[in-house]
Every structure is written in structure tokens, then in C-alpha cells.
K.L.:
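Let me begin by handing over the structure; questions about it come next.
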Amino acid sequence: MFLDFTSEVESLLKAALERRGFNVYMEGVNSLALETSPHADLASSVAFRLAPVLKKSPVAIASEIHKALSKSFDLVDRVELKGPYLNFFINRKFLSSVVKQAQVGDPWKGKMAGSVIVEHTSANPDGPLHVGHIRNSVIGDTLVRILRKAGCTVDAEYYVNDMGRQTAMVVWGIDHFKLDGSKADHAIAKVYIAANKEAEKNPLVAQEVAALIQHYESGDDPAVAKKFVWAAEYAIGGILETLRRMNISHDSFHWESEFVRDGSVYEIIKNLEKTGLTVREEGAFQLDLSRFGFDKKMVLKRANGTTLYITRDLAYHRWKAAHSEREVDILGSDHKLISAQLRTALKLMDIREPEVVIFEFVSLPTGSMSTRRGKFISADELLDEVEKQAFIEVTKRRPEETEDFRHEVARQVAQGAVRYDVVKVSADKATVFDWTAALDFDKLSAPFIQYSHARACSILRKAGTPAQFNSDLLTGENEIALIKKISEFDSVIERAARDLKPHQLATYARELAESFNIFYRYSPVIDAETEVKDARLALVNASRNALRETLDTLGIPALETM
RNA sequence: GGGCGCGUGGCCUAGUCAGGAUAAGGCGGCAGCCUCCUAAGCUGUAGAUCGGGGGUUCGAAUCCCUCCGCGCCCGCCA
């Protein structure tokens, strides 16, 4: 696929540069200055980089390189010299091999290896996921899928914050108010909000909550421990149900308490003590990171002896580092500082640091969300509404279908629409939640891509896949553009897996669907003359497979009819 | 006040990390395309001093400096 073409161009260019003795700039990323371009399948502007060193004009250098290029090509058709640019073009063999490879199996499966732990969602068990949380879940789950597609073995983990103040507040809330029997996570939110309200007017609540934390951490009261575990499990149960609605699941769960019970939190504290950077101030045990640019000290233990989230998280990260070759954390922008401190502390202990993907906040038109104040739009509500709208849209288009069919399509369209809306935006862009946009199923959305896939399936249902075909007959501009787009899947995956940027795959998915739709519009398949028909059917099959794999990697259902 | 992130047509966004050859999509606007494989589609058109200013460079949306605006953080919360 495209990576094969890329590496051939790289070796051609490298060999030519060596032949001319131009190996000055052969270090570093993209030293050959290769890029995709409207002027070529792959273009190099390396001549510009060599010009100041060689003291010659870029045009002259490009010309010399061009002359020095080997003439024996495999996937390259020709190299055109265009002023200072070297333009590489793919050949017929490449196009044919893409169509052929894409007929069966998963030719885009990457060659990356190694075990990766991706921690995502890890929302506190104090309420349902809201439209901000799902940015974490969708980015995380999409990265899990991308890394797997790239060839890695991935463990998706949920870190359950059962020891924090929020959970203690929930436990206190359950003791003083009634869970009302609504969906577990929503019921938990109600008592949590009520408890917070109570705490605002009654200072005794804070004391009781602190006592709960102490008892749970010391393990001296089995009844308290039972309450914490029950509350967290109850809330997480509801959260997982919501995640399932979005086609998201975790492979393993680690509880904060696990790292207290096995003593590793205390080992961490001991190890940090050895750095000589710890101090006791006002009774609290703290780590001074000022020499690394953090003006606030990192508190490891409260004055009352209990540990904090950050301390337990250090222990969890030590465990993750020991059980993987690469670890990724998905965190909201409110964790920027704390995660930087965490990485510094890990470095001090000589523990491998995680790669951290930070996403910016999702806010409401009325301001930022808050579970504690009950100010949020839940993921369940969003999914319900989107599904309702999708049902209306399906019914408009397929009124003759059964209600079951329309509901099932609506469910899968909604699932995709919600995921795509979230993943299509780069993580470092803050967004404002907008109902109108969320309920719009037009071009920059999952249904657009699902629809292309369904169209391909429809053709294949009618005409089948050809046993024999001659892909050299696929010479139309739209056909060639589509084949190229299909071939790019592997390079998109590799890049997204390396940079941890799932939105790049979302962009690719849209482009792929667009290419297919244009082909669909201009290249009739079923009515074409036999040989052309078979070749086009093969291309439809290749497109269907590429669309299916792309959707699958985005966690979006690939509907065969909609 | 300090740290980090963001600022691209009326609105939302890609491109920025690895500087290159006419700044790319969507929504909305206007004008077209269903005797033709699902029109959740396709085509055309109008609309951008890439937040402002300076700098580096043969070349800057992209790198550096500075200013402005917005977001997040600066808890013995997570």
C-alpha cells in the first residue's frame, strides 16, 4: 500500500543523493523533504535544503539528483523534474496491486509491535458520563483501535477512583439520601449533588467525609469499605452501560485502593523520600519540585496521614510501566499541571513516563459543566436525542421498512454520529456543545461515511464480487483517485498511531467516502460492459473493505443497508 | 500575576509538530442534477489581509519575539 510506495521513493532518493555525494542532510525526520502534493503522488523539495550547503541553485541541484536517479522502478511510474521539485508518480502495477490486495483480509494491518496500555475515561464514580467525558472515551477508544490496527497489543484500562473525596461524598450521600431507582450512575449523581449542597451549608459534612476517607484507607472498618466498593461498582455499572452504547469497552480495571492495599503507595512515598526533595509542612508530606519549574509543592500525604489521588496514581503508573512497553493516558486539560508533576516525579524514581494526550474542554453555551452542581448534558441524553433524530431520518428515507429495522439503523447511525462528531476535532481545540450540530447528519458526519459503505454493499449485493478482473481497465480519473485513497489507509494509521492523533483518521474517513461517492456518481458499475464491470466491481469491493476497516477503526458501525 | 493550550471566509473545522509550488472541507447563501447501482449523494458559484505587529528564510497559516482575545490550571479535590 502507500507505505510501500513511500519507502521505494525514499530509497531511490537516498541512493541518488549518495551517488552525487549529497549526503549532507540525511539525518532527522523527513530529511528527504517528502510530502503529498497536488502536483505529484509524492514530491520532494530536498533541493532547497541542499542549496545553501552546496552553494548551487535548487533548480540545478534538483536536476542533478534527477539525473542520478536509478531507472529501475517497482511501484514508481516516473519522476518528473519541475524546477526545484522532484515529483514522483505511482505506476499501474501499484494501482493494480492495491485493488488486488484490498479484495480480501486486512492488508492495512500495520507492522508496529509491542504492548501498549491505554488508560481512558476513568471518570469518577460520582455520576453519569457527560458530553465532556465522552471526548476522553472516544479519543481513548479510537486510539486503542488505531494502535491495534497498527499492530500493537493493546490493553484498554479504566482507573477507578474509589478512594477520593468525590467517592466519599457519594458514600455519605447514599447514607443520607435515597437512591431513586433511576439508571445507576444518574441515581448516584442525584445523591452526590444533594450531598454537595448539604456540605455547603453544614461544615460537619466535610468532617464526616474526611472520617470516611480515613476509615476506607486504613481498612479498619469493613462496613465502610463495603459501602465504598458498592457505591463505586454501582456507579461504574451505569457508566459502562453508556460506554457500551458508544461501542466502547475496557479490557481491565484497576482500583486506586488496590495500590494502597498492596503497599505500593507507601513504597512510592519511601522512594520519593530518597530523592531528598520531600518536606513536611504543616503536617502534610510534600514533594518539592521547584527545581523543575513547579512553584507549588506536590502533596503526597495529608496531615491526617491519608494519601491523595496523585500519590496513588504514581503507584498505578509504576505498575503500568512494568506491565507494558508503551503507555498512554487520555486526560482533560484540567490535568495538564498535575500530569506534568506526575511525570517529573516518575522521572525522579527512574520510572518510564506515560505519553499523555490532553484534550481541551467541552463547554455548554451557558458555560462550563459541573457534575457536582448538576450542570451537564449526560451522554445518555445525547445518545437518546441523536437516536430519536436518526429514527426520523431513517423513516423519511425507508418508510416501507419495519420499525425494528428503522430502530436498529437509527441506533447504529446515532452511535456513529456521536463518535464521529467528537473524534473529528483535534484534541487541542476547545469546543462548545451544540445541539443543532449534534443532530445534523450531513457531509462532515458519520452517516456520510456509513452511507458510502452501504452504497458499496448494495452494489455488491446485486452483482457480487468478480472471481477474475483486470484492474488495468480502471483508468478514469475518479477511479485512480479512489484507489490512491484506499492505499493511503496504512500511512494514515501509522501516523495517527505514532502521533496519537485520532482526528487524522476521521479526516481520512471523510476523504475516502468522498472519493467513493464521486466514483459512484461517474462510473456506472452494474450497467458497464462485462470486463469493465468486473474491474469496477473489484474496486467497489476494495472500497467497501477499506470503508469497513476505517469505520471499524473509528468504532463506527459499518451498516450494510440504511 | 504565572504556566500551558487555542485564534484559519458569516459560523464550525483540516492543514501547523517535520516551512515549499493556486490556503482545503463542511454548515449557511445562491444556481443546477433522481426515466440512471440507496439524493444521508453529486456539480457549479460567491465568500479568507490564516487574531495584530515585528523577525528568520530564496520561501511562513506553519519557526522565533511581542501584543491582543478566549479556554484550562496555579486545592492537604480529582
Side-chain angles (χ1 to χ4, degrees), chain A residues 28-31 33-35 37-40 43 45 48-49 51-52 57-58 82-85 87 122-124 126 161 164-167 169 210 281-286 293-297 299-304 306-310 313 332-338 340 358 360-361 363 368 372 390 393-394 396-398 413 417 424-432 434 436-437 440-452 454-463 499 501 503-504 506-507 510-511 513-514 517-518 520-528 536 540 561-562:
Chain A
V29 187
N30 200 18
S31 59
L34 286 174
E35 60 184 359
S37 144
H39 310 280
S45 56
F48 282 108
R49 305 205 182 177
S57 81
K82 189 95 179 181
Y85 298 97
N87 291 335
S122 301
N124 286 332
D126 57 14
N161 303 134
R165 174 148 289 159
Q166 282 77 359
T167 310
M169 195 64 101
E281 248 172 47
E282 291 168 37
F285 195 64
Q286 320 192 13
F294 299 100
D295 33 310
K296 285 278 161 36
K297 293 188 180 68
V299 178
L300 300 169
K301 267 168 106 173
R302 296 187 181 97
N304 71 10
T306 53
T307 57
L308 286 100
Y309 164 83
I310 183 75
D313 208 22
S333 67
D334 53 338
H335 282 68
K336 266 186 249 186
L337 177 62
I338 197 87
I358 298 281
E360 293 295 324
F361 265 43
S363 57
S368 56
R372 182 165 45 83
E393 301 286 336
V394 186
K396 216 186 289 174
R397 295 171 174 86
R398 308 290 294 272
V413 164
K424 73 181 178 191
V425 181
S426 156
D428 42 36
K429 215 101 163 185
T431 62
V432 178
D434 175 4
T436 317
D440 179 20
F441 300 140
D442 268 316
K443 199 169 183 178
L444 214 60
S445 72
F448 173 79
I449 304 154
Q450 291 172 311
Y451 185 66
S452 311
R455 276 179 150 180
C457 290
S458 172
I459 294 176
L460 295 171
R461 245 192 329 270
K462 291 195 166 97
D499 300 346
K501 303 224 178 214
H503 77 275
Q504 293 173 349
T507 303
R510 196 211 83 231
E511 291 169 355
E514 199 164 54
N517 282 332
I518 293 169
Y520 179 92
R521 165 71 180 75
Y522 293 104
S523 298
V525 178
I526 293 177
D527 291 338
R536 287 182 179 170
V540 172
T561 174
M562 62 188 278

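In the text below, chain A, chain B and the rest are named by the order of the sequence lines, each starting its count at 1.
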K.L.:
How far does OH of A:Tyr309 sit from CG of A:Asn124, to the nearest 0.5 angstrom?
P.N.:
8.5 Å

K.L.:
Working note: A:Val540 + A:Tyr520, criterion side-chain contact (heavy atoms from CB on, under 4.5 Å); need CA distance, chi angles, decisive distance, verdict.
P.N.:
CA-CA 9 Å; A:Val540 172; A:Tyr520 179 92; over 6 Å; no

K.L.:
Can you establish whether the number of heavy atoms outside A:Lys301 located under 6.0 Å from its atom NZ is more than 12?
P.N.:
no

K.L.:
Taking only the P atom of each, what is the distance from B:C68 to B:C76 in whole angstrom?
P.N.:
31 Å

K.L.:
Report the residue (A:Ile526 or A:Pro58) whose heavy-atom-nearest nucleotide on RNA chain B is the more 5′ of the two.
P.N.:
A:Ile526

K.L.:
How far does the C1' atom of B:C27 sit from the matching atom of B:G71, given to the nearest Å?
P.N.:
24 Å

K.L.:
When you match A:Val394 and A:Asp527 each to their closest nucleotide on RNA chain B, which lands nearer the 5' end?
P.N.:
A:Asp527

K.L.:
Sort me out a list of protein N/O and nucleotides 7-11 of chain B N/O pairs below 3.5 Å, or just none if empty.
P.N.:
from, atom 1, to, atom 2, distance (Å)
B:G7, OP1, A:Lys429, NZ, 3.0

K.L.:
Since syn is defined as within 90° of 0, does B:C34 count as syn or as anti?
P.N.:
syn

K.L.:
Hey, mind stepping through A:Thr561 and A:Arg461 against side-chain contact (heavy atoms from CB on, under 4.5 Å) and telling me if it holds?
P.N.:
CA-CA 10 Å; A:Thr561 174; A:Arg461 245 192 329 270; 4.3 Å; yes

K.L.:
Write down the distance between CG (A:Leu444) and P (B:A14), rounded to a whole number of angstrom.
P.N.:
10 Å

K.L.:
Can you tell me which nucleotide in B:A21, B:G25, B:C37 comes closest to the side chain of A:Ser37?
P.N.:
B:A21

K.L.:
A:Ile459 has a side chain; which of B:C37, B:C58, B:G25 sits nearest to it?
P.N.:
B:C37

K.L.:
Verify side-chain contact (heavy atoms from CB on, under 4.5 Å) between A:His39 and A:Lys82, making sure each step is shown before the conclusion.
P.N.:
CA-CA 10 Å; A:His39 310 280; A:Lys82 189 95 179 181; over 6 Å; no

K.L.:
May I have the distance from A:Phe448 (atom CZ) to B:U13 (atom P), rounded to whole angstrom?
P.N.:
20 Å

K.L.:
When the distance from CG of A:Leu34 to C1' of B:A21 is rounded to whole Å, what number comes out?
P.N.:
15 Å

K.L.:
Mind checking A:Ser445 for me? I need base, sugar-phosphate or nothing, with any heavy atom below 4.0 Å counting as a touch.
P.N.:
nothing

K.L.:
Partner lookup for B:U45, please. Criteria are Watson-Crick or G-U wobble with both distances under 3.5 angstrom; report none if nothing qualifies.
P.N.:
B:G29

K.L.:
Mind checking the OG-CD1 spacing from A:Ser333 to A:Ile358? Nearest 0.5 Å is all I need.
P.N.:
7.0 Å

K.L.:
Send over the distance from A:Lys424 NZ to B:A14 P, rounded to a whole Å.
P.N.:
10 Å

K.L.:
Looking at every heavy atom in both A:Ala463 and A:Ile526, which two are closest together, and how far apart are they?
P.N.:
CB-CG1, 4.1 Å

K.L.:
Taking the side chain of A:His39 as its heavy atoms from C-beta onward, which of B:A40, B:U22, B:G20 lies nearest to it?
P.N.:
B:U22

K.L.:
Any side-chain N or O of A:His503 below 4.0 angstrom from OP1/OP2 of B:G15?
P.N.:
yes

K.L.:
Once you apply a heavy-atom cut-off of 4.0 Å, does A:Val540 come out as touching a base, just sugar-phosphate, or nothing?
P.N.:
nothing

K.L.:
How would you label the contact of A:Arg398 with the nucleic acid (heavy atoms, under 4.0 Å): base, sugar-phosphate, or nothing?
P.N.:
base

K.L.:
Under 3.5 Å between N/O atoms: give me all the protein pairs with nucleotides 43-47 of chain B, atom names plus distance.
P.N.:
none

K.L.:
Using a heavy-atom cut-off of 4.0 Å across all strands, would you classify A:Tyr85 as base, sugar-phosphate, or nothing?
P.N.:
base

K.L.:
To the nearest 0.5 angstrom, please state how far the CD1 atom of A:Ile338 sits from the CZ atom of A:Phe294.
P.N.:
9.5 Å

K.L.:
First locate atom CD of A:Glu393, then atom CE of A:Met562, and finally report the distance between them rounded to the nearest 0.5 Å.
P.N.:
10.0 Å

K.L.:
What nucleic acid atoms does A:Thr167 come within less than 4.0 Å of, heavy atoms only: base, sugar-phosphate, or nothing?
P.N.:
nothing

K.L.:
When the C1' atoms of B:U45 and B:U49 are considered, how many whole Å apart are they?
P.N.:
23 Å

K.L.:
Between B:A14 and B:G7, how far is it from one C1' atom to the other, in whole Å?
P.N.:
15 Å

K.L.:
Using purine N1 to pyrimidine N3 plus N6-O4 or O6-N4 for Watson-Crick, or N1-O2 and O6-N3 for G-U wobble, both under 3.5 Å, which nucleotide pairs with B:C50?
P.N.:
none

K.L.:
Do the side chain of A:Arg302 and the main chain of A:Ala284 share a donor and acceptor less than 3.5 angstrom apart?
P.N.:
no

K.L.:
Say you pick atom P in B:G41 and the same atom in B:U22; how far apart are they, in whole Å?
P.N.:
32 Å

K.L.:
Does B:U22 pair with anything, Watson-Crick or G-U wobble, both distances under 3.5 Å, and if so, with which nucleotide?
P.N.:
none

K.L.:
Looking at every non-hydrogen atom in both residues, tell me the closest pair between A:Lys424 and A:Ala506 and how far apart they are.
P.N.:
CA-CB, 3.7 Å

K.L.:
Let's test this: given Watson-Crick or G-U wobble pairing with both distances under 3.5 Å, identify the partner of B:A60.
P.N.:
none

K.L.:
Measure the distance from OH on A:Tyr520 to P on B:C33 and round it to the nearest whole Å.
P.N.:
19 Å

K.L.:
If you measure only the distance, is there a donor-acceptor pair under 3.5 Å linking the side chains of A:Arg510 and A:Ser445?
P.N.:
no

K.L.:
Taking the ring of A:Phe441 and the ring of A:Phe448, is the distance between their centroids below 6.0 Å?
P.N.:
no

K.L.:
Can you tell me how far P of B:G19 sits from CD of A:Glu35, to the nearest Å?
P.N.:
10 Å

K.L.:
Tell me the partner of B:G7, counting only Watson-Crick (N1-N3 plus N6-O4 or O6-N4) or G-U wobble (N1-O2 and O6-N3) with both under 3.5 Å; none if nothing fits.
P.N.:
B:C68

K.L.:
Does A:Asp126 reach a base, just sugar-phosphate, or nothing at all? Heavy atoms under 4.0 Å.
P.N.:
nothing

K.L.:
If you measure from SG on A:Cys457 to NZ on A:Lys462, what distance do you get to the nearest 0.5 Å?
P.N.:
11.5 Å

K.L.:
Looking at CD of A:Glu360 and NZ of A:Lys429, how far apart are the two atoms once the value is rounded to the nearest 0.5 Å?
P.N.:
11.0 Å

K.L.:
What's the gap between B:G19 and B:C50 when it is taken at their C1' atoms, as a whole Å value?
P.N.:
15 Å

K.L.:
B:G1 pairs with which nucleotide, Watson-Crick or G-U wobble, both distances below 3.5 Å?
P.N.:
B:C74

K.L.:
Check the distance between B:C37's C1' and A:Asn517's CG and give it to me in whole angstrom.
P.N.:
13 Å

K.L.:
Look at the side chain of A:Val413 and decide which nucleotide, out of B:G15, B:A40, B:C17, has an atom nearest to it.
P.N.:
B:A40

K.L.:
Output the single nucleotide from B:A40, B:G19, B:G15 whose closest atom is nearest the side chain of A:Arg49.
P.N.:
B:G19

K.L.:
With the sugar-phosphate defined as primed atoms, P, OP1 and OP2, and the base as all remaining atoms, what B/S/- string results for nucleotides 70-78 of chain B, 5' to 3', for protein heavy atoms under 4.0 Å?
P.N.:
-BSSSSBBB

K.L.:
Could you work out the separation of B:C4 and B:C42 based on their P atoms and round it to a whole Å?
P.N.:
43 Å

K.L.:
Run A:Asn517 and A:Arg455 through side-chain contact (heavy atoms from CB on, under 4.5 Å) and show every step you take.
P.N.:
CA-CA 9 Å; A:Asn517 282 332; A:Arg455 276 179 150 180; 3.0 Å; yes

K.L.:
Check every strand shown and say whether A:Ala43 touches a base, only sugar-phosphate, or nothing at a heavy-atom separation below 4.0 Å.
P.N.:
base

K.L.:
Just how far, in rounded Å, is P of B:A21 from NZ of A:Lys82?
P.N.:
14 Å

K.L.:
Using the P atoms only, state how far B:A23 lies from B:G47, rounded to an integer number of Å.
P.N.:
14 Å

